[in-house]
Amino acid sequence: MNILFIEDDPMNRRVVKDMLDVAGATMAEASWAEEGLARIDAETFDVILVDLRMPGTDGFETIRRIRGRGDEKAELPIIVVTADTAVDLRERCLAIGADDVLFKPVAMDALFDSIGRVLAVRGGGGMIL
C-alpha cells in the first residue's frame, strides 16, 4: 500500500511513517499542499492523509482540488489528520469530500482502523492494514 501524507510538520510525518512502516505500507511525504498535489499528478497512491493547517494552501482547499480533478484520482480516499478540534470540523471535512477525520495525536490502531474502513467503503480490494 502506498500512502501520501501532506503535512508541514516533519515530526508528525515521522510519527505516522513509523506507524505505517509497522504495517508494511510505504509512505510518501509532502511538506505543503502544492507539493502533495504535484505528487498526486505524478505518482500512484492508495490513500491520501492531509493536515488542515498548512502554510499557503490549507487542507480544505487541497481536498477540494483533489475532488475537483477530472480523472480517477479525484476518487482517492482522503483522511484528514488534524490537531484542530472545532466542534463542527468533522462535518465540514466530510462535506467537502474527506472520507474520515483523525485527531492528533493519532494512535496506531485509530490510523489503521480508519484506513481499513475507508478502503472497505471505497472498494480498496482487500488492501486493509
Side-chain angles (χ1 to χ4, degrees):
M1 176 169 312
N2 196 17
I3 297 171
L4 173 63
F5 190 14
I6 307 170
E7 160 71 66
D8 61 314
D9 185 294
M11 182 56 78
N12 288 336
R13 291 194 312 267
R14 178 59 191 227
V15 168
V16 171
K17 182 177 184 340
D18 288 348
M19 289 181 203
L20 293 171
D21 284 348
V22 169
T26 301
M27 189 187 95
E29 302 177 27
S31 325
W32 64 91
E34 296 303 326
E35 178 186 15
L37 293 167
R39 290 197 79 161
I40 291 168
D41 284 340
E43 300 172 52
T44 301
F45 297 103
D46 300 300
V47 176
I48 306 298
L49 305 176
V50 64
D51 183 28
L52 292 179
R53 306 285 177 225
M54 296 179 286
T57 304
D58 67 14
F60 293 105
E61 181 60 23
T62 303
I63 294 167
R64 285 186 196 99
R65 288 176 60 185
I66 294 168
R67 292 295 181 238
R69 294 174 63 101
D71 61 14
E72 71 281 350
K73 291 182 179 185
E75 298 302 317
L76 282 166
I78 300 172
I79 300 170
V80 170
V81 180
T82 185
D84 191 337
T85 58
V87 174
D88 65 341
L89 182 71
R90 181 176 187 76
E91 292 75 23
R92 286 176 38 215
C93 291
L94 297 176
I96 63 167
D99 293 285
D100 200 3
V101 179
L102 296 173
F103 296 96
K104 296 174 186 172
V106 176
M108 186 182 306
D109 60 339
L111 178 63
F112 292 176
D113 288 348
S114 178
I115 292 170
R117 278 192 314 273
V118 167
L119 287 175
V121 168
R122 288 215 174 245
M127 294 187 287
I128 298 172
L129 296 174

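For this chain, numbers begin at 1 and follow the sequence in order.
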Expected list for residues 17-28: side-chain donor-acceptor pairs under 3.5 angstrom, two or more places apart:
{"residue": "K17", "atom": "NZ", "partner": "D21", "partner atom": "OD1", "Å": "3.3"}
{"residue": "K17", "atom": "NZ", "partner": "D21", "partner atom": "OD2", "Å": "3.4"}
{"residue": "D18", "atom": "OD1", "partner": "R14", "partner atom": "NE", "Å": "3.0"}
{"residue": "D18", "atom": "OD2", "partner": "R14", "partner atom": "NE", "Å": "3.3"}

Under 3.5 Å, sequence neighbours excluded: what are the donor-acceptor pairs made by side chains of residues 104-116?
{"residue": "K104", "atom": "NZ", "partner": "E7", "partner atom": "OE1", "Å": "2.7"}
{"residue": "K104", "atom": "NZ", "partner": "D51", "partner atom": "OD1", "Å": "3.3"}
{"residue": "S114", "atom": "OG", "partner": "D100", "partner atom": "OD2", "Å": "2.6"}

Atom pairs and distances, side-chain donor-acceptor, residues 68-81, under 3.5 Å, sequence neighbours left out:
{"residue": "R69", "atom": "NE", "partner": "D71", "partner atom": "OD1", "Å": "3.0"}
{"residue": "R69", "atom": "NH1", "partner": "D41", "partner atom": "OD1", "Å": "2.5"}
{"residue": "R69", "atom": "NH2", "partner": "D41", "partner atom": "OD1", "Å": "3.3"}
{"residue": "R69", "atom": "NH2", "partner": "D71", "partner atom": "OD2", "Å": "2.7"}
{"residue": "D71", "atom": "OD1", "partner": "K73", "partner atom": "N", "Å": "3.1"}
{"residue": "K73", "atom": "NZ", "partner": "I40", "partner atom": "O", "Å": "2.5"}
{"residue": "K73", "atom": "NZ", "partner": "D41", "partner atom": "O", "Å": "3.3"}
{"residue": "K73", "atom": "NZ", "partner": "E43", "partner atom": "O", "Å": "2.8"}
{"residue": "E75", "atom": "OE1", "partner": "R122", "partner atom": "NH1", "Å": "3.0"}

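A side chain to side chain contact (heavy atoms under 4.5 Å, CB included) with D99 is found for exactly one of V118, V121, L119, namely V118.
Checked against side-chain contact (heavy atoms from CB on, under 4.5 Å), R53 has the following partners two or more places apart in sequence or in another chain: F60, D84. Every salt bridge (charged side-chain N to carboxylate O under 4.0 Å, His left out) that E61 has, sequence neighbours left out, goes to R64.
Atom-to-atom distance recorded for E29:CD and L49:CG is 11.0 Å, nearest 0.5 angstrom. From I6, atom CD1 reaches atom CG of L52 across 11.0 Å, with rounding to the nearest 0.5 Å. I63 contributes atom CD1, which lies 10.5 Å from atom CD1 of I48 (distance to the nearest 0.5 angstrom). Between atom CZ of residue F45 and atom CZ of residue R39 there is a gap of 5.0 Å, rounded to the nearest 0.5 Å.
Hydrophobic clustering (side-chain heavy atoms under 4.5 Å, transitive across Ile, Leu, Val, Met, Phe, Trp, Tyr) keeps M11 apart from L4. No chain of hydrophobic side-chain contacts below 4.5 Å, direct or via other Ile, Leu, Val, Met, Phe, Trp or Tyr residues, connects F5 to V50. Both V15 and M1 are assigned to one and the same hydrophobic cluster, defined by single-linkage of ILVMFWY side chains at heavy-atom distances under 4.5 Å.
The backbone N or O of D46 lies less than 3.5 Å from no partner atom in the side chain of N2, so there is not a single donor-acceptor pair.
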Could you walk me through whether V101 and T82 pass the side-chain contact (heavy atoms from CB on, under 4.5 Å) check?
-> CA-CA 8 Å; V101 179; T82 185; 4.3 Å; yes
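Between R67 and I96 the shortest side-chain heavy-atom distance does not fall below 4.5 Å.
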